[in-house]
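Read the structure below first, then the notes.
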Amino acid sequence: MAGRRALKAVLIDLSGTLHVEDTAVPGAQDALNRLRQASVAVKFVTNTTKESKRNLLERLHRLNFDLQEKEIFTSLSAARSLLEQEQLRPLLLVEDGALEDFTGVETSEPNAVVVGLAPDHFNYQTLNTAFRMILDGAPLIAIHKARYYRCKDGLALGPGPFVTGLEYAADCQATVVGKPEKAFFTQALSDLGCSPNEAVMIGDDARDDVGGAQNAGMLGILVRTGKYRGGDERKINPPPHLTCDSFPEAVDHILKNLVSK
Amino acid sequence: MADRGWPGCAASLKGVILDMCGVLYDSGEGGGVAIPGSIEAVNKLKASDLQLRFCTNETQASREKFVAKLQKLGFDILVSEVFSPAPAAVAVLRERGLRPHLLVYDGLLPEFDSVDKTNPNCVVIGDAAEQFTYQNLNNAFRVLTGLEKPVLFSLGQGKYYKETDGLKLDVGPYMKALEYACDLKAEVVGKPSPTFFQSVLNDMGLQPHEALMIGDDLVNDVGGAQHCGMKGIQVRTGKYRPSDERHSTVTADSTVDNLAQAVDTILNQRL
């Protein structure tokens, strides 16, 4: 394909792609091992905001996936960088499990609002507090704007709807740090020494994983697991480079067609 | 006849429509507090030859209950003079054969007593305040995503309102949240829907240019009324903020301190 260099890196979404809650996608562990045998760098990128990197790692190890903490890049990491850059003190609407990734960040007398996936904080009282702060000038930072995610008993609202509601209420625009922002993908690739057109992203979210990655210059592979719903591949333009059943099939495609032998 | 701006236009007016919360009173603990001068302003309007109606997006209580609350504060006001979204929504549901899943404040439920709520095929949200829990919103979201043709009615679309202890989120942000989550557009029942304003004008038997709306919400009261051909006056009470006077799309025909000042100005034009 003209203009595209050989594949150097694969970015892999976690929730919905390698596993759904505490169940691994069948064949995913082996597929990951096969991918590692090819000469490509691998990074695990996730918008999951409920859990710290350590929690994610523990769960993936429990499910027999072979990976290290430094290979994980989350939207929480991206949020923390922004807070430090801008010297902001956040009101963290983030689940307890994720607070660990903000250790050391000053939170007294907050002057910014950070919204992640935090059902416990999406109550009327807390949202009113956040709203009043934003109206007074506090920046609104969204870890990501996912519309919903899949959990054990069905679909559940993500942070996106609540961020949208606050944007409307306070007439402002949130700074989004997670997928599908271009900056997220380029930041994830930055320490792998490769550019977007030498990388491919595998994920279950057409807009946030595949659309975002392709918009950053990468190839995108959409898998039909996790939150995928029939017809999702038609919701982005250009369409995914490939839509396949699950992670193992995506790896097969990469090994057969994208890596130099 | 040339269209005169404020206050000259008041001379040829035939009717006045008043918003309630933020114009007549501020809601809050203990039923709320009347805004100084508003009780007398209403009395003066009633004593004049102008027709008077009240138009509110109040959806925490049934009309009977909040009119009773206002009468207790000293206001001369009748249920038949009040237009609110819930009865309008009930009419729409009936017209279209829809059965709602309700995400509304408990106090509003009586307005929907006569409505079939089994096997819901649409969602209705109102100003549910503390009942906007994650769980309740999620349930509404699941109803919508389970429908082949999801329909969401929002009773108003206000961003926030003022209570005695500060500004609070109104139904609008939650409507936007569900719109975003489900990738759909809600149908707004209540201000600023033109159908809603028209129903008030019809009741008064007036043409839009013969009526004037007074409210604290620049977009939904004033903008909504102007969109229908009425004049719209904003008061500096309630949810008013100074930045309203520099709004990018809506310019009130006038901004006055409060209802008392608006009414005195109107009646002075008619002496």
Side-chain angles (χ1 to χ4, degrees), chain A residues 50 93 95 115 117-137 140 142 144-174 176 206-208 227 229-232 234-236, chain B residues 60 103 105 125 127-146 150 152 154 156-163 165-184 186 217-220 239 241-244 246-250:
Chain A
K50 287 179 80 172
L93 301 192
E95 286 291 296
V115 180
L117 174 58
D120 286 343
H121 294 299
F122 292 155
N123 56 69
Y124 193 61
Q125 190 142 341
T126 309
L127 287 175
N128 266 335
T129 304
F131 160 62
R132 290 173 190 179
M133 280 176 63
I134 299 166
L135 213 54
D136 278 343
L140 173 58
H144 64 84
K145 282 189 75 172
R147 287 165 152 75
Y148 52 82
Y149 65 104
R150 179 167 291 283
C151 64
K152 279 184 282 264
D153 56 342
L155 294 179
L157 292 169
F162 297 94
V163 171
T164 303
L166 286 170
E167 288 180 317
Y168 174 73
D171 226 338
C172 70
Q173 202 166 18
V176 186
R207 277 185 180 124
D208 288 359
K227 73 161 72 129
R229 294 175 97 205
D232 278 354
R234 290 188 291 277
K235 289 187 181 160
I236 59 168
Chain B
Q60 282 196 19
L103 176 43
Y105 206 70
I125 54 168
D127 166 21
E130 319 84 64
Q131 265 138 48
F132 275 133
T133 61
Y134 180 78
Q135 186 107 314
N136 286 344
L137 283 159
N138 219 29
N139 288 340
F141 164 67
R142 285 177 176 183
V143 169
L144 288 168
T145 51
L152 171 63
S154 182
Q157 60 173 36
K159 296 181 178 199
Y160 53 84
Y161 51 80
K162 176 160 179 259
E163 288 215 329
D165 60 337
L167 295 181
K168 299 210 173 143
L169 294 170
D170 198 346
V171 64
Y174 293 96
M175 172 193 84
K176 287 288 176 183
L178 287 174
E179 284 187 332
Y180 180 80
C182 304
D183 213 353
L184 54 58
D217 186 319
L218 183 70
V219 172
N220 296 303
K239 74 173 74 155
R241 298 177 84 226
S243 53
D244 287 346
R246 294 182 302 275
H247 198 269
S248 56
T249 50
V250 181

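Chain letters run A, B, ... following the sequence lines, proteins first and then strands; every chain starts at 1.
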Where G154(A) and R142(B) come nearest, the two heavy atoms and their spacing: C-NH2, 3.9 Å
Pairs of heavy atoms under 4.5 Å with chain B: top-ranked of F131(A), Y148(A), Y124(A): Y124(A)
Neighbour count above 12 (heavy atom, 6.0 Å) for Q125(A) CD: no
Distance (rounded to the nearest 0.5 Å) between F162(A) CZ and L137(B) CG: 5.0 Å
Side chain N138(B), main chain L157(A), donor-acceptor under 3.5 Å: yes
Which of L127(A), V163(A), N123(A) touches chain B most, by non-hydrogen pairs under 4.5 Å: L127(A)
Option in E179(B), Q135(B), Q157(B), Q131(B) with maximal non-hydrogen atom pairs under 4.5 Å from chain A: Q157(B)
Donor-acceptor under 3.5 Å (R147(A) side chain, C182(B) main chain): no
With sequence neighbours excluded, residues passing salt bridge (Lys or Arg N to Asp or Glu O under 4.0 Å) with K162(B): D26(B)
Most chain A-contacting option - heavy-atom pairs closer than 4.5 Å, from G172(B), A128(B), G158(B): G172(B)
Donor-acceptor contact below 3.5 Å, side chain K168(B) vs main chain N128(A): no
Salt bridge flag under 4.0 Å for residues K235(A) and D183(B): no
Which atom of A156(A) lies closest to which atom of Y134(B), heavy atoms considered: CB-OH, 3.6 Å
Contact winner vs chain A - F132(B), F141(B), Y160(B), heavy-atom pairs under 4.5 Å: F141(B)
Atom pair CG/NZ of D171(A) and K159(B) - distance to nearest 0.5 Å: 4.0 Å
Top contributor to chain A interface from D170(B), T145(B), L167(B) [non-hydrogen pairs under 4.5 Å]: L167(B)
